[in-house]
Amino acid sequence: GKQEVPERLDERQQSAAETPMDGPAAPASDRRPTAAHAKDASERGPLPETILSSAQITVLLTLSVEEVQKKLEEILGFENHQTCLKEASLLDFYVSGFWWAKEMNFTVQQISAFMTLQHMVLENIKGNISVQ
């Protein structure tokens, strides 16, 4: 016969879909770094070299997501993203990260740091992968 899905499962799925994973988002003003954050950052030393300049980020912030993708193709030198799955995946990774940061109302400096962190995480993952 026909199997019935328990109602509890449907309720859990609906609840999960309605509840954000990280809880309610803080207002943008609550996410801005404070003077204490800046002091902590200065004590840690300089960040690694950024992958996008402030000028590049300022331009990207004015563009549509399709235009951001085209601009990042140029900046990152992805010439084969149409035929190379690796380049297409990396481009998607950076476009998605940038767009998320933009939607979170990050400042230019925060977006720069976030994009640099994305790059660092990716490099660390690459360094830990071994082909056997």
Side-chain angles (χ1 to χ4, degrees):
K2 186 177 176 183
Q3 274 190 318
E4 288 188 32
V5 177
E7 275 188 42
R8 282 188 315 172
L9 182 62
D10 291 337
E11 289 169 6
R12 280 184 291 185
Q13 288 173 333
Q14 183 178 6
S15 175
E18 293 172 354
T19 307
M21 291 178 68
D22 298 321
S29 61
D30 292 347
R31 288 193 306 264
R32 304 275 181 204
T34 63
H37 288 113
K39 185 174 188 271
D40 290 345
S42 66
E43 289 172 359
R44 284 191 297 266
L47 278 176
E49 188 174 327
T50 59
I51 63 166
L52 294 175
S53 71
S54 295
Q56 289 170 322
I57 293 169
T58 301
V59 169
L60 290 172
L61 286 170
T62 66
L63 305 176
S64 70
V65 71
E66 293 83 8
E67 293 168 327
V68 166
Q69 179 175 328
K70 288 191 185 311
K71 195 71 171 164
L72 284 177
E73 288 168 21
E74 294 170 21
I75 293 169
L76 300 173
F78 292 151
E79 298 173 1
N80 301 314
H81 69 280
Q82 295 290 337
T83 56
C84 175
L85 182 58
K86 179 181 175 182
E87 279 193 14
S89 298
L90 288 171
L91 182 60
D92 217 26
F93 176 73
Y94 287 115
V95 170
S96 298
F98 174 83
W99 204 257
W100 177 83
K102 176 182 176 177
E103 288 184 342
M104 294 292 105
N105 297 315
F106 281 14
T107 64
V108 169
Q109 184 179 9
Q110 288 172 321
I111 292 172
S112 178
F114 179 73
M115 298 295 289
T116 300
L117 287 172
Q118 267 193 294
H119 181 72
M120 289 171 56
V121 167
L122 193 60
E123 290 301 310
N124 284 335
I125 291 169
K126 282 185 198 175
N128 292 326
I129 295 175
S130 62
V131 179
Q132 297 181 9

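These numbers come from the heavy atoms of this one structure, side chains and all, not from hydrogens, waters or symmetry mates. Numbers here simply count residues along the sequence, with the first being 1.
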With the side chain counted from C-beta on, respond yes when [X] and [Y] share a heavy-atom pair under 4.5 Å apart, and no when they do not.
| X | Y | answer |
| --- | --- | --- |
| Val65 | Val95 | yes |
| Ile75 | Ile51 | no |
| Phe98 | Leu61 | yes |

#### Entry: Gly97 versus Phe114, closest heavy-atom pair with distance
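Closest pair (atom of Gly97, atom of Phe114, distance): O-CE2, 3.3 Å.
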### Query
Closest approach of Leu60 and Val68, non-hydrogen atoms and distance?
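For Leu60 versus Val68, the nearest heavy atoms are O-CG2, 3.6 Å.
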With sequence neighbours excluded, residues passing side chain to side chain contact (heavy atoms under 4.5 Å, CB included) with [X]:
| X | answer |
| --- | --- |
| Leu85 | Ser89 |
| Ser64 | Glu66, Glu67 |
| Thr58 | Val108 |

### Message
Please enumerate all residues that pass side chain to side chain donor-acceptor pair (under 3.5 Å) together with Gln56, with sequence neighbours excluded.
### Response
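Expected list: Ser53.
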Rounded distance (nearest 0.5 Å) linking atom [atom1] of [X] with atom [atom2] of [Y]:
| X | Y | atom1 | atom2 | value |
| --- | --- | --- | --- | --- |
| Ser112 | Ile57 | OG | CD1 | 4.0 Å |
| Leu117 | Asn124 | CG | CG | 10.5 Å |
| Leu91 | Gln82 | CG | CD | 9.5 Å |
| Leu90 | Phe78 | CG | CZ | 4.5 Å |

### Query
Which pairs with one or both residues in residues 74-90 pass salt bridge (charged side-chain N to carboxylate O under 4.0 Å, His left out), sequence neighbours excluded?
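Counting only pairs at least two positions apart or across chains, the salt bridge (charged side-chain N to carboxylate O under 4.0 Å, His left out) contacts touching residues 74-90 are Lys71-Glu74.
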### Query
Which pairs pass salt bridge (charged side-chain N to carboxylate O under 4.0 Å, His left out) with one or both residues in residues 115-124, sequence neighbours excluded?
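Non-adjacent pairs meeting salt bridge (charged side-chain N to carboxylate O under 4.0 Å, His left out): Glu123-Lys126.
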### Task
Evaluate the side chain to side chain contact (heavy atoms under 4.5 Å, CB included) criterion for residues Leu52 and Thr116: first the C-alpha distance (whole Å), next the side-chain angles of each, then the deciding distance (0.1 Å), finally the verdict.
CA-CA 8 Å; Leu52 294 175; Thr116 300; over 6 Å; no
### Task
Keeping to residues at least two apart or across chains, list the side-chain hydrogen bond (donor to acceptor under 3.5 Å, both in side chains) pairs with something in residues 92-102.
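Every side-chain hydrogen bond (donor to acceptor under 3.5 Å, both in side chains) pair that includes a residue of residues 92-102, provided the two are not neighbours, is Tyr94-His119, Trp99-Glu103.
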